[in-house]
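The structure presented is a predicted model; accordingly, all values stated were derived computationally and were not measured. Just so we're on the same page: letters track the sequence lines, and every chain starts at 1.
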Amino acid sequence: MKGRHYDLAVIGGGIHGGSVALFAARGGMDVILLERGALAREASGSNAGTLTMQMTRAALIPYALKAHEMWVKAPDWLGHDVGVVACDGLSLAFTEAEERLLTERAEARSAAGAPIRLVTPDEARGIEPGIGPGVRMASHCPIDGYANAYLTGLAYRRALREAGVRIREYTPVTGVRDAAGGFEINTASETIHAAQVVFTGGVWIEPMLAWLGVHLPIRTLVNQLSVTERMAPVMRTVLGIASGLLSLKQFPHGTVVIGGGWQGEGTRETGRHVTTHDSTVGNARLAVHALPALANGRIVRSWTGFEAETADALPAVGPVPGHPGAWVSGSVHSGYTSAPYIGRCLAQAILGAEPEMPLFPIDRLLPDAPDPRNGPLP
Amino acid sequence: MRTAFDLVVVGAGPAGGEAAIAAARAGLATCLVDEGPAPGGQVWRAPRTASARGSGPDADRRGGDDLRARLAASGATILQGAQVWDARPGFTLSIVGPDGASLLSAPRVVLATGATEHVAPFPGWTVPGVFGLAAATTLMKSQGTLPGRRIAVAGQGPLLVAVASKAIALGLRPVVVIDRNGIRDWSRAAPGFARDPAAMARGLGWIGRLAAARVPYRARSEIVGVDGTDTVRGIVVRPLDGGAERRFDVDTLYVGDGLAPADELLRLLGAAQESDPLQGPRAVCDADRRSSVPGLYVAGDGAGIRGAQSAAAAGRIAGLAAARDHGALTDPAFDAASRAPRRKLWRLARFADASCRLMRMPEASLDRIADQTILCRCEDVTAGEFRAAIADGARDLGQAKHFTRLGMGPCQGRMCLHAAAHLMRRETGALGDLRPTPRAPVRPVELGALIGTYDYDDIPVPKAAPL
Ligand SMILES: Cc1cc2nc3c(=O)[nH]c(=O)nc-3n(C[C@H](O)[C@H](O)[C@H](O)COP(=O)(O)OP(=O)(O)OC[C@H]3O[C@@H](n4cnc5c(N)ncnc54)[C@H](O)[C@@H]3O)c2cc1C
Ligand SMILES: Cc1cc2nc3c(=O)[nH]c(=O)nc-3n(C[C@H](O)[C@H](O)[C@H](O)COP(=O)(O)OP(=O)(O)OC[C@H]3O[C@@H](n4cnc5c(N)ncnc54)[C@H](O)[C@@H]3O)c2cc1C
């Protein structure tokens with residue numbers, strides 16, 4: 001069956017696919033977005049929504065700062081609400097080892113442009129009165145905040161529709177091939193042609209790139225989160241600890257989301273993922289240690305999601321080598337935060353312009369490339 | 001305390017109690033876990049106050065006392081005040097109780113988690129002063145009292161009559177009883193009820209008491225609204241087939257529209273269910289109560305609504321089957337011991353069907369839910385907002401939850417998801433269960449209880465994320 005021809009096919013409807021589709025369409029392209037399920041139901045709809053600099057990799061700080069600015073102004077460019085709140089961020093140290101970690105990380109992140117400053121326990125308590133008694137040091141960043149990630153799908157669906165993107169939900173792509181004038185994209189019911197294609201499949205970019213014979217190893221993390229029922233106000237910041245293994249925030253309706261990258265169990269192949277007892281209890285202990293008032297809260301739900309990680313834990317965003325017109329975008333650490341900005345940069349490249357900030361080409365991660373951990377960053 | 005058992009039974013109602021007794025007697029190291037203060041479950045709930053104890057033993061109390069005595073002698077380990085909040089096949093069960101969080105493990109588990117009550121939403125069902133029928137039975141059994149001075153009792157099925165009649169016994173004559181069923185529906189149920197003569201006699205006694213007290217009875221009627229926002233000042237009632245509305249001055253309303261299996265752990269463990277018009281989402285199981293998950297047995301209302309007597313019989317079969325599969329009972333011994341409960345289950349099948357038919361979710365009333373009516377009471381989501389989410393493309397309740405917060409509150413969707421699923425199937429033509437992915441904890445868990453006592457240094461904080 002002969003299908004329609006598009007300028008760009010985006011495969012995977014998470015926040016990365018949604019963002020690049022949106023900006024490419026706004027740039028004048030005829031775009032189709034293909035999603036196996038519904039928009040933003042994997043990582044992009046189930047993440048903690050933290051828009052923080054203090055958990056972001058130093059190399060990504062410039063992107064995250066730009067993206068933070070975009071998130072705060074979401075009504076201007078997205079046009080729909082994802083419940084963004086901008087607030088202070090605090091990262092705490094409870095041990096000597098954590099003090100060292102905090103100092104080192106605060107320095108690296110401020111060198112990269114994040115306005116992070118070390119503060120005393122008393123200063124920290126002035127910013128967030130409810131923190132636990134054992135705090136030895138904290139780092140403060142006035143640029144922090146959070147979004148309500150579960151609203152992502154609804155907001156992007158509306159924005160994408162308005163931008164004229166053709167949205168195909170419940171349409172798994174089964175294969176992509178190079179073809180005359182671009183690519184041939186197969187689904188169970190039809191074949192679609194597009195001049196260019198972007199793979200934005202989250203942890204599934206590895207099997208997606210394999211369609212073109214490119215092997216990009218992606219590790220699957222199973223992050224878990226818990227949320228409390230509504231509580232009277234117990235905090236006003238985004239709160240973490242030096243190692244990055246805690247994130248706390250209270251949403252305006254009163255629920256507190258508890259996260260920090262504690263691991264559940266699951267595999268990309270089955271698509272199933274579950275919390276573990278030890279991670280739920282461990283994460284809860286850390287949370288109550290940081291913010292004792294949480295002891296009175298009740299967890300109403302814990303859940304998990306897949307996060308992608310490359311060998312050097314830096315993004316896979318750029319052209320697919322050997323297949324002109326094919327692109328990939330994913331595996332971005334704190335990837336919810338940075339997605340709108342990275343999507344905009346990638347769309348610029350796809351539209352043939354120079355991206356505002358450099359992409360993260362994947363050549364370094366392919367089997368023949370030198371070990372990325374030994375070389376300089378792109 | 002010991003944490004590894006041959007069998008863990010979740011829920012100490014008639015089903016779980018009998019399962020634990022049967023397995024422990026056969027020699028299995030058995031642990032019975034229940035969140036309540038004493039075994040008995042819903043129908044055989046133990047009294048907690050002097051006034052409840054003083055009210056004199058009825059059939060339910062006698063059933064409970066008998067179960068509690070036999071459990072105490074059975075040799076099973078009994079954990080009361082302990083919630084199972086998570087479960088993994090194999091099996092490990094996450095518990096939270098008076099001593100914090102812990103794990104129980106066993107190669108076999110019987111789930112006997114009972115039922116949850118439905119209410120078909122109507123304007124004002126969330127006003128303080130509106131209670132469930134099931135909640136009323138809980139209060140009467142454990143406390144021996146019922147709030148309210150001028151009460152109305154509404155809904156359908158045996159619980160409706162039981163609550164109205166027991167309220168009279170407590171000196172609280174209902175202003176009106178509103179029944180979705182009519183005399184015809186009840187007469188049609190009579191042959192089924194006759195299968196359990198004792199229960200039938202009890203039911204006739206309830207009806208006799210209502211008649212003697214001349215309680216006004218509105219057959220084939222439903223509540224169209226509550227008058228009042230902070231307290232109940234009255235209710236408006238309408239016959240199902242149209243006709244004039246009528247207002248009653250009441251300060252408290254008891255209303256219930258049937259039961260649904262409390263199937264959270266069952267779903268979490270991935271056991272298969274099939275939809276059943278009478279029993280609700282029913283666990284797929286064989287005649288010995290083995291579910292689709294190896295080592296997992298199901299009994300009682302949690303596996304499909306069948307009532308207390310059937311629950312006890314199914315529980316006994318499940319406990320015996322676990323013992324047999326464990327090698328503690330020979331096939332002939334298993335066959336002999338399970339013959340009586342099997343016969344009882346068979347005899348009660350029509351009784352259970354008759355009760356369930358009277359309690360069936362009133363789908364026609366659900367279809368009529370007005371846009372302004374609240375569907376999810378925890379998060380104040382109206383039927384109109386839910387319908388807007390469907391218009392926005394939501395095709396299952398996980399997505400509708402994202403769009404509206406429906407089901408995200410402390411009841412975890414127990415109150416609203418069945419009604420919401422019905423509306424969604426109706427409006428989108430979607431098939432199947434539609435409920436969101438089951439998640440732990442299956443009940444809200446207090447963080448203070450979950451964390452127990454610990455040192456900061458003992459928290460197994462993973463390796464720091466890369467910089
Ligand atoms: C629990 C958790 C908490 C997190 N917390 C934060 C946080 O607080 N802050 C932050 O910045 N980041 C956070 N992250 C990371 C962030 O969520 C991810 O980096 C980001 O959402 C990834 O977006 P994505 O679009 O690349 O992937 P996804 O959202 O996973 O989207 C990929 C999409 O591709 C689709 N797909 C796969 N295969 C096919 C196919 N064959 N055909 C069609 N479609 C297909 C999938 O269905 C999916 O919708 C968290 C992640 C998790 C899991
Ligand atoms: C609130 C309520 C009141 C009822 N009152 C009556 C009545 O008065 N008369 C009548 O004939 N029928 C009544 N019913 C119907 C009744 O449920 C059944 O007929 C009968 O009790 C079913 O027995 P069971 O063993 O299946 O479940 P139940 O008797 O409900 O026992 C299940 C037990 O499991 C416990 N449990 C469930 N999940 C967990 C968990 N995760 N962790 C720990 N414990 C758990 C529950 O607390 C409960 O004690 C009532 C139902 C409800 C929901």
Chain B heavy atoms under 4.5 Å from A58(A): which part of the residue, side chain, backbone, both or neither? both

Which bit of R88(B) comes within less than 4.5 Å of chain A, counting heavy atoms only: side chain, backbone, both or neither? side chain

Using the six-membered ring of W85(B), assess whether NZ or CZ of R443(B) lies under 6.0 Å from its centre and within 45 degrees of the ring axis. no

Contacting region of T228(A) [heavy-atom separation from chain B under 4.5 Å]: side chain

Please state whether the side chain, the backbone, both or neither of T404(B) comes within less than 4.5 Å of a heavy atom of chain A. neither

Check ion pair R168(A)-E35(A) (N to O, under 4.0 angstrom): no

R425(B) atom CZ, over 12 foreign heavy atoms within 6.0 Å: yes

Inter-chain contacts: residues 288-295 of chain A against chain B, heavy atoms under 4.5 Å: V288(A), H289(A), L294(A), A295(A)

Quick check on R57(A) against chain B: is it the side chain, the backbone, both or neither that has a heavy atom closer than 4.5 Å? both

Hey, which of I459(B), L467(B), L450(B) has the most heavy atom pairs under 4.5 Å with chain A? L467(B)

Cut-off 4.5 Å, heavy atoms of chain A, and the answer for Q412(B) is side chain

Heavy-atom proximity to chain A below 4.5 Å, by part of D457(B): side chain

Toward chain A, the part of D392(B) with a non-hydrogen atom under 4.5 Å: both

Sort out for me which of C411(B), P460(B), G409(B), A440(B) touches chain A most, counting heavy-atom pairs under 4.5 Å. A440(B)

Pick one of side chain, backbone, both or neither for L246(A), based on which atoms fall under 4.5 Å of a heavy atom in chain B. neither

Under 4.5 Å from any heavy atom of chain B, what part of A284(A) do you find: side chain, backbone, both or neither? both

Heavy-atom contact with chain B under 4.5 Å, split by part of L60(A): neither

What part of T255(A) lies closer than 4.5 angstrom to a heavy atom of chain B: side chain, backbone, both or neither? side chain

